[in-house]
Asks: 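Below: one structure in structure tokens.
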Amino acid sequence: MFVTRFNNRLRTGIIIMILLMIINLVNILFNSPLVPIQQWAQKIFYYHVPCAWVAFLSFFIVLIAGIMFLKTKNYKYDRLGLAAAELGTFFTVLVLITGPIWASAIWGKAWTWEPRLTTTFVLFLIYSGYFMLREFGGAPERVARYAAILGIIAFIDVPIIFISVRFWSPEVQSHPQVEMALQPTGIMTTFFFSLFTFTMLYFLMLWIRTGILSLKVKNQ
Amino acid sequence: MFLRLLKKDLLVEFRSREVSASMLTFGLAVIMIFSFSINISPDLFRRFAPGLYWIMVLFIAVLGLHRMFSHEKEFDTFSMIISAPVERGLIFLAKWVSGVLFLTVAEILITLPFLLFLQVGIPEQWVILIVIILLGNIGIMAIGSLVSGLAMRAKMSEVLLPILLFPLVSPQIIATVQATTAVFDGKPLASWQLWLNLMITFALVFGLAGYLFFEHITEE
Amino acid sequence: MEYNFFNHFIFTYLIVLIALIGWFSMMFIKGKRLIRPNKSKTGS
Amino acid sequence: MIASELLSVTDLDKSFYHRPILKDFNLQIAGGEIVAVMGRNGVGKSTLFRVLARISSPVNGEITFQGRSILKGPDSNRKGILYLGHAPGMYPPLSAVENLQLISAIYTSPVSQSEVKSALNRVGLTDQVNDPIKIYSQGMLQRLKLALAILVDWKLLLFDEPFTGLDAQGRKFTEMILADWKQAGRTVMLVTHDFEWSWNFCTRLVILESGIVQYDFSPSDNDFTDAENQFRKLIG
């Protein structure tokens, strides 16, 4: 493996992660009841919702890293912010792909301006701008500060966007989470296990990404 | 001190007239294009008018925001201003207020042609409409001045500014368009109180964010 | 109908899987590229 | 610590594109000193000035001015520092008079029209004072900056290359005004490449290399030829 110092821990981490993912898949396929109307399509949620959760967690970490960077001017937090922003966008894209797959099966149309989906989409756009700012902002010392601020602003904007979109299209109200609670009990164990797996996966990925970013600095 | 900074921004603009002139002529050109390209009955157009109006305002605002720091970049005047013993948040507040003023001046001259040339007609609650437009300007310019400061020193700032601004300002646009539509339809205040609250919240949140973060934006 | 829904699920699963594999292999390549100059330094 | 210490820079780090420019930089300036900051191109003279004026933010370190931190304290701790960079730092569409009035109002307090006029006279700018400064030549802009330094009430002047673009008359004016300030015991830091002039005029020569102060000469204690040889060796 690449990061010699982390070699063993990294290998263990990845192996555990693969095992967890397999258990998760088995759980989803065989260990959870089919929901009456949605049937197999409902099982998309076991991937869709954890992805969304992890994406928002990631953007929250961008916020924290941004505040810490502005306070301490330690580039450790800048790298953490960049890694979290990348991963957040990565999972946001997954959310934006898996959401319409479910919607096209259940609603018959791929995209509606459903509040959660719209908020996620706007966040994706903001973070596209974030990476452009990182790319074209100039000296990395300045860009680090700008990125920290944008990360904070983006997170402040999320609740406002969500509220505005929610009242903007009040007729669309079919939220995954709301329906989840109405379903048979067997669902929840599988769902929480998946949530746990993805959170672990996320922290593994964050660890790898920050490791690579700090390696890059050391090599310079 | 705030008044001195504001006076400076206004005097510079008064001498060069760059911001207001570009916003004004651009706005008139957009109205012309609207009237050519949307060839439908006035009744139908009235339904689209609020949306089109705010699209136009947003584009005008972006145009003005590009010029916001242009005179301060040319002779490195921005360095002179930030190195003065002045609280940097006040520099932001002066930019914000002057930006709102320029945008409002341009709108005074554009709104009437928009309503008359496009045969929308002046709504009965025109006083409330003015209040909404002012609130909209304040919100757009709050986040606009902040993002303009972020994009100012970057390469490709012309591209970066709208890319960063549009998603961040989206809740404000939703709120203003909804409120404007309600006023055009002559609905009572209670039915769109929410949008009013949202606009005020947006302006306050991003005004405060700009005031607090501008210190980190200004330095190179 | 059920078959169709099952397709949707498999599709989702594959997309997530491919994305993750793609990410990890990208990181693997990046990490290797970064570790190489270090190795040559210690070797010489 | 000297009693009259005005500015103190401790362990300052500044990097650009992650390349260190100033590294563990230390410098103490006492009141009344005229300091020439010298060194190769790109050694960080201008960067140092911009950091001291809080235009550029350092990575680490501490800067105190009159005993108060200008990095961590409120912005008013910077009061008394005036930075004049390569660029004029004024608004192109405004006239010389308006610019000077606006900027000195922001720095200290508003000044009257006649004060501005007399300052402009002292630097030899009499024509075109009501024209927008975007039509000015470089030498005129340089004189304009000097006029600003006359108007603003500073305790430490950071002047980056005061003589660029000036004609013989402009240089003479600048030297005269600098001599006045020296006489009055005011503190000036300037970036210059003219070793002989600095030796004769300044009270201290600070030569930067590899991100630190490499040589710190005081013309009264050192031999000119020795110092110049060391300086030439460094500059190459």
Side-chain angles (χ1 to χ4, degrees), chain B residues 1-22 67-95 97-98 102 149-150 152-155 211-220, chain D residues 14 16 46-47 49-58 65 68 70-71 73-95 98-99 101-110 131-134 136 138 141 144-145 148 152-156 158 160:
Chain B
M1 186 47 70
F2 167 71
L3 288 177
R4 286 181 199 166
L5 290 166
L6 183 62
K7 186 186 152 200
K8 165 213 82 178
D9 282 334
L10 296 183
L11 186 66
V12 172
E13 170 58 20
F14 182 69
R15 277 296 138 75
S16 65
R17 293 186 199 87
E18 251 177 46
V19 177
S20 40
S22 56
R67 311 300 307 166
M68 193 170 238
F69 292 98
S70 61
H71 288 306
E72 293 180 324
K73 253 163 70 179
E74 196 177 338
F75 275 176
D76 200 23
T77 318
F78 197 64
S79 300
M80 196 64 145
I81 298 299
I82 62 169
S83 100
V86 173
E87 203 186 327
R88 272 118 188 231
L90 292 180
I91 300 174
F92 168 79
L93 292 184
K95 284 283 172 211
V97 173
S98 60
F102 302 152
L150 281 179
M152 171 182 67
R153 295 193 206 256
K155 288 176 271 175
Y211 178 75
L212 292 176
F213 292 138
F214 210 63
E215 188 193 339
H216 301 287
I217 293 177
T218 48
E219 282 169 35
E220 50 172 39
Chain D
K14 167 78 189 168
F16 189 62
S46 296
T47 309
F49 274 30
R50 287 175 88 81
V51 172
L52 293 180
R54 283 293 264 131
I55 295 163
S56 214
S57 57
F65 177 66
R68 284 190 294 254
I70 63 165
L71 289 181
D75 292 290
S76 56
N77 283 1
R78 248 184 349 256
K79 202 173 172 81
I81 297 180
L82 176 65
Y83 164 78
L84 299 173
H86 291 273
M90 296 185 196
Y91 291 93
L94 303 185
S95 74
E98 283 168 330
N99 264 310
Q101 279 187 317
L102 275 181
I103 292 175
S104 43
I106 289 169
Y107 266 82
T108 42
S109 52
D131 290 344
I133 64 162
K134 62 184 166 206
Y136 279 24
Q138 213 211 325
L141 291 170
L144 196 60
K145 281 194 276 181
L148 181 69
V152 170
D153 179 30
W154 45 264
K155 296 218 168 49
L156 171 68
L158 304 165
D160 201 342

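This one's a predicted model, so the numbers in the text were calculated from it and none came from an experiment. These numbers come from the heavy atoms of this one structure, side chains and all, not from hydrogens, waters or symmetry mates. Below, chain A is the first sequence line, B the second, and so on; all start at residue 1.
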Asks: To the nearest 0.5 Å, what is the distance between CG on Leu102(D) and CZ on Arg4(B)?
Replies: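 One gets 10.5 Å once the value is rounded to the nearest 0.5 Å.
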Asks: Please classify the contact of Glu98(D) with chain B as side chain, backbone, both or neither, using a heavy-atom distance under 4.5 Å.
Replies: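 When you check distances to chain B, only side chain atoms of Glu98(D) fall under 4.5 Å.
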Asks: Considering non-hydrogen atoms only, spot the tightest contact between Val12(B) and Pro93(D) and give its length.
Replies: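 Closest approach of Val12(B) to Pro93(D): CG1-CG, 4.0 Å.
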Asks: Between Tyr91(D) and Lys8(B), is there a side-chain heavy-atom distance shorter than 4.5 Å?
Replies: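 Answer yes - side chains close enough.
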Asks: Do you know which of Met90(D), Lys79(D), His86(D) has the most heavy-atom pairs under 4.5 Å to chain B?
Replies: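 Of Met90(D), Lys79(D), His86(D), Met90(D) has the most heavy-atom pairs under 4.5 Å with chain B.
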Asks: With rounding to the nearest 0.5 angstrom, report the CZ to CD1 distance, Phe75(B) to Ile133(D).
Replies: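 Reported value, rounded in 0.5 Å steps: 5.5 Å.
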Asks: Of all the heavy-atom pairs spanning Ser79(B) and Arg50(D), show the shortest one and how long it is.
Replies: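 Smallest interatomic distance, heavy atoms only, reads OG-NH2, 3.0 Å.
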Asks: Might you point out which heavy atoms bring Met1(B) and Ile106(D) nearest each other, and give the distance in Å?
Replies: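 Looking at all heavy atoms of both residues, the shortest contact is CE-O, 3.5 Å.
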Asks: Compute whether any side-chain donor of one residue and acceptor of the other, for Arg78(D) and Ser83(B), lie under 3.5 angstrom apart.
Replies: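 Looking only at side-chain atoms, Ser83(B) and Arg78(D) do not form any donor-acceptor pair under 3.5 Å.
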Asks: Checking Ser109(D) against chain B: side chain, backbone, both or neither under 4.5 Å from a heavy atom?
Replies: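 Backbone only.
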Asks: Among Pro88(D), Ser95(D), Ala87(D), Pro110(D), which has the most heavy-atom pairs under 4.5 Å with chain B?
Replies: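 Top option by heavy-atom pairs under 4.5 Å: Pro88(D).
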Asks: If you compare all heavy atoms of Ser57(D) against all heavy atoms of Glu219(B), which two are closest, and at what distance to 0.1 Å?
Replies: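 In terms of heavy atoms, the two residues are closest at CB-OE1, 2.5 Å.
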Asks: How far does NZ of Lys134(D) sit from CZ of Arg15(B), to the nearest 0.5 angstrom?
Replies: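 Rounded to the nearest 0.5 Å, the NZ-CZ separation comes to 10.5 Å.
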Asks: Run Leu148(D) and Met80(B) through side chain to side chain contact (heavy atoms under 4.5 Å, CB included) and show every step you take.
Replies: CA-CA 11 Å; Leu148(D) 181 69; Met80(B) 196 64 145; 3.0 Å; yes
Asks: Hey, mind stepping through Val86(B) and Asp75(D) against side chain to side chain contact (heavy atoms under 4.5 Å, CB included) and telling me if it holds?
Replies: CA-CA 6 Å; Val86(B) 173; Asp75(D) 292 290; over 6 Å; no
Asks: Heavy-atom distance under 4.5 Å to chain D: side chain of Glu18(B), backbone, both or neither?
Replies: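 When you check distances to chain D, no heavy atom of Glu18(B) falls under 4.5 Å.
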Asks: About how many Å separate CZ of Arg54(D) and CD1 of Ile82(B), when rounded to the nearest 0.5 Å?
Replies: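 The distance works out to 8.5 Å.
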Asks: Is it the case that atom CZ in Phe2(B) sees more than 12 heavy atoms from other parts of the structure closer than 6.0 Å?
Replies: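 More than 12 heavy atoms, drawn from other residues, nucleotides or ligands, come within 6.0 Å of this atom.
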Asks: So which of Glu87(B), Arg88(B), His216(B) has the biggest tally of heavy-atom pairs under 4.5 Å with chain D?
Replies: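 Most pairs with chain D among the choices: Arg88(B).
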Asks: Can you see which heavy atom on Pro92(D) is nearest to which on Glu74(B), and at what distance?
Replies: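 Distance-wise, the nearest heavy atoms are CG-OE1, 3.6 Å.
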Asks: Measure the spacing between CD1 of Ile55(D) and OG1 of Thr218(B) and express it to the nearest 0.5 Å.
Replies: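 Here the rounded value is 10.0 Å.
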